[in-house]
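Note that these values count all heavy atoms, side chains included, but never hydrogens, waters or copies made by symmetry.
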Amino acid sequence: MKKISSLAIALGLSALSFHSMAQNQTMNLWPEGKIPNFKASSVQEKSETDASGILRISGVTVPTITAYIAPKEKATGAAVMICPGGGYSILAASHEGSDFAKWFNDRGISAFVLKYRLPDEKAMTHQHEVPLMDAMQGMKMIRQNAAKWNIDVNKIGVMGFSAGGHLAATISTHYNLGPNASEEAKPNFSILLYPVVSFRPVISHGGSRDKLLGPDKSEELINYYSNELQVSAKTPPAFLVHAMDDSAVPVEKNI
């Protein structure tokens with residue numbers, strides 16, 4: 001990718017202790033009754049924590065963002081919006097969400113965990129549009145409240161894991177495309193961890209692709225959401241992380 005350098009490194013974050021005590025606040029992304037593409041359905045949100053303590057959320061139809069604001073005595077002015085992964089089927093909300101938010105807080109960086117809607121034709125129209133809508137709205141909310149949260153508007157990035165990495169890469173390359181284009185939604189940088197960057201068949205992660213695109217899947221949409229094809233001079237810089245032996249998301253996506 002032009003402008004984007006790739007580093008395959010090992011981050012021992014799981015070995016780090018998360019001891020931040022920063023307070024957090026959860027906010028709805030959209031006003032009640034005004035969620036775009038919403039469709040009444042029987043889909044219900046469910047949260048489950050497995051034996052290893054990993055929180056998985058499914059059936060998300062009402063998106064939120066949770067703010068973890070860095071303590072004033074540590075604050076650097078930087079902020080990151082975190083998009084958990086889960087194949088666009090669930091959200092791995094703890095080890096790819098809140099745990100990292102607390103880790104960032106310990107280092108003076110405010111963090112915002114995005115609970116974006118999971119694509120489902122029963123609960124929304126044009127499901128492929130929905131996660132990006134939520135990510136753009138989340139970025140706008142952070143910018144609009146930057147002064148209140150002691151954040152520098154020039155230091156707001158996005159971070160994502162796996163399918164969440166695809167979403168983070170999508171907002172980085174699509175914030176200025178389509179009818180909802182907005183400079184307010186542009187991240188200043190992106191951190192992409194084992195991301196599903198591309199939907200092209202040669203290196204595709206079929207599960208994430210099919211779940212996002214659903215019944216609207218077409219060659220045009222596959223190319224549109226293959227983010228390496230959308231990189232331009234306006235794309236913010238990205239830091240890419242991937243393990244060479246990843247058996248779930250091929251490392252070729254990053255390379």
Side-chain angles (χ1 to χ4, degrees), residues 11-30 32 35 37-68 80-106 111-124 127-128 130-135 137-138 158-168 170-171 191-196 205-214 241 243 246-249:
L11 293 181
L13 293 175
S14 60
L16 296 174
S17 61
F18 300 121
H19 55 272
S20 170
M21 298 302 291
Q23 294 183 347
N24 55 73
Q25 176 188 6
T26 299
M27 300 154 283
N28 287 336
L29 284 180
W30 306 98
E32 186 176 355
I35 302 176
N37 293 42
F38 180 84
K39 188 164 64 173
S41 74
S42 60
V43 176
Q44 294 185 340
E45 182 175 318
K46 295 180 182 179
S47 297
E48 297 179 340
T49 302
D50 67 16
S52 60
I54 293 175
L55 173 63
R56 290 178 169 85
I57 302 175
S58 61
V60 179
T61 59
V62 178
T64 64
I65 192 167
T66 301
Y68 294 76
V80 178
M81 182 176 75
I82 303 173
C83 304
Y88 284 120
S89 297
I90 60 101
L91 298 179
S94 52
H95 73 295
E96 293 180 352
S98 57
D99 287 353
F100 270 86
K102 296 167 188 175
W103 185 85
F104 278 119
N105 279 181
D106 283 346
F112 298 81
V113 178
L114 183 70
K115 188 172 76 173
Y116 55 93
R117 283 174 286 171
L118 295 167
D120 189 331
E121 64 177 316
K122 296 190 295 292
M124 59 200 68
Q127 63 187 56
H128 63 88
V130 169
L132 178 57
M133 284 181 175
D134 291 347
Q137 180 70 1
V158 66
M159 178 183 194
F161 304 76
S162 193
H166 180 267
L167 181 55
T170 303
I171 189 175
I191 305 170
L192 310 178
L193 292 97
Y194 42 95
V196 180
H205 189 262
S208 296
R209 178 198 63 211
D210 295 347
K211 186 65 177 176
L212 178 64
L213 302 186
V241 180
D246 192 328
S247 60
V249 180

Problem - Residue list, salt bridge (Lys or Arg N to Asp or Glu O under 4.0 Å) with K122, at least two apart or on another chain - result: D120
Problem - Residue pair V241 / P195: nearest heavy atoms and the distance that separates them - result: O-CD, 4.0 Å
Exercise for the section: State, with a plain yes or no, whether a side-chain heavy atom of I171 is found less than 4.5 Å away from one of L132. Expected result: yes
Exercise for the section: For K39 and E121, indicate whether the former's side chain and the latter's backbone hold a donor-acceptor pair under 3.5 Å. Expected result: yes
Handout entry: Note, C83 side chain near F161 side chain (heavy atom, < 4.5 Å)
Key = no
Completion exercise
On a heavy-atom basis, the closest approach of A163 and V196 is N-CG2, 3.9 Å
Handout entry: Audit row: H166, Y88, side-chain contact (heavy atoms from CB on, under 4.5 Å) steps and yes/no
Key = CA-CA 10 Å; H166 180 267; Y88 284 120; 2.9 Å; yes
Practice task
Taking the side chain as every heavy atom from C-beta outward, state whether N37 and M133 have any pair of such atoms under 4.5 Å apart.
Solution key: yes
Completion exercise
d(L55 CG, S98 OG) to nearest 0.5 Å is 7.0 Å
Problem - pair L193-M159: side-chain heavy atoms closer than 4.5 Å - result: yes
Counting only pairs under 3.5 Å, give me each side-chain donor-acceptor contact of residues 111-118, with atom names and distances, residues two or more places apart or in other chains.
{"from": "K115", "atom 1": "NZ", "to": "E45", "atom 2": "OE1", "distance (Å)": "3.3"}
{"from": "K115", "atom 1": "NZ", "to": "E45", "atom 2": "OE2", "distance (Å)": "2.8"}
{"from": "Y116", "atom 1": "OH", "to": "P84", "atom 2": "O", "distance (Å)": "2.6"}
{"from": "R117", "atom 1": "NE", "to": "D134", "atom 2": "OD1", "distance (Å)": "3.3"}
{"from": "R117", "atom 1": "NE", "to": "D134", "atom 2": "OD2", "distance (Å)": "3.0"}
{"from": "R117", "atom 1": "NH1", "to": "P36", "atom 2": "O", "distance (Å)": "2.6"}
{"from": "R117", "atom 1": "NH2", "to": "P36", "atom 2": "O", "distance (Å)": "3.4"}
{"from": "R117", "atom 1": "NH2", "to": "D134", "atom 2": "OD1", "distance (Å)": "2.8"}

Problem - S94: side chain to side chain donor-acceptor pair (under 3.5 Å) partners, not counting sequence neighbours - result: none
Fill in the blank from the handout: N28 meets the side-chain contact (heavy atoms from CB on, under 4.5 Å) criterion, sequence neighbours left out, with V62, T64
Handout entry: Nearest heavy atoms of I90 and S58, plus distance in Å
Key = CG2-CB, 3.9 Å
Problem - Pairs meeting criterion salt bridge (Lys or Arg N to Asp or Glu O under 4.0 Å) with involvement of residues 52-62, two or more places apart - result: D50-R56
Problem - Side chain to side chain, V60 and L91, heavy atoms closer than 4.5 Å - result: yes
Fill in the blank from the handout: Output for pair (Q25 CD, I65 CD1), nearest 0.5 Å, gives 10.5 Å
Handout entry: Backbone N/O of G164 and side chain of S162: donor-acceptor pair under 3.5 Å
Key = no
Handout entry: Nearest-0.5 Å distance, CG of residue L213 to OG of residue S208
Key = 10.0 Å
Exercise for the section: Provide the full list of salt bridge (Lys or Arg N to Asp or Glu O under 4.0 Å) pairs with a residue in residues 83-96, sequence neighbours left out, each pair given once. Expected result: none
Handout entry: Side-chain touch Y68/K102, heavy atoms, less than 4.5 angstrom
Key = yes
Problem - For H95, side-chain contact (heavy atoms from CB on, under 4.5 Å) partners two or more places apart - result: I54, A92, D99
Practice task
Return the minimal non-hydrogen interatomic distance between M124 and P119, and the atom names on each side.
Solution key: SD-CA, 3.8 Å
Practice task
Please list, chain by chain and in numerical order, all residues satisfying side chain to side chain donor-acceptor pair (under 3.5 Å) with S42, sequence neighbours excluded.
Solution key: none
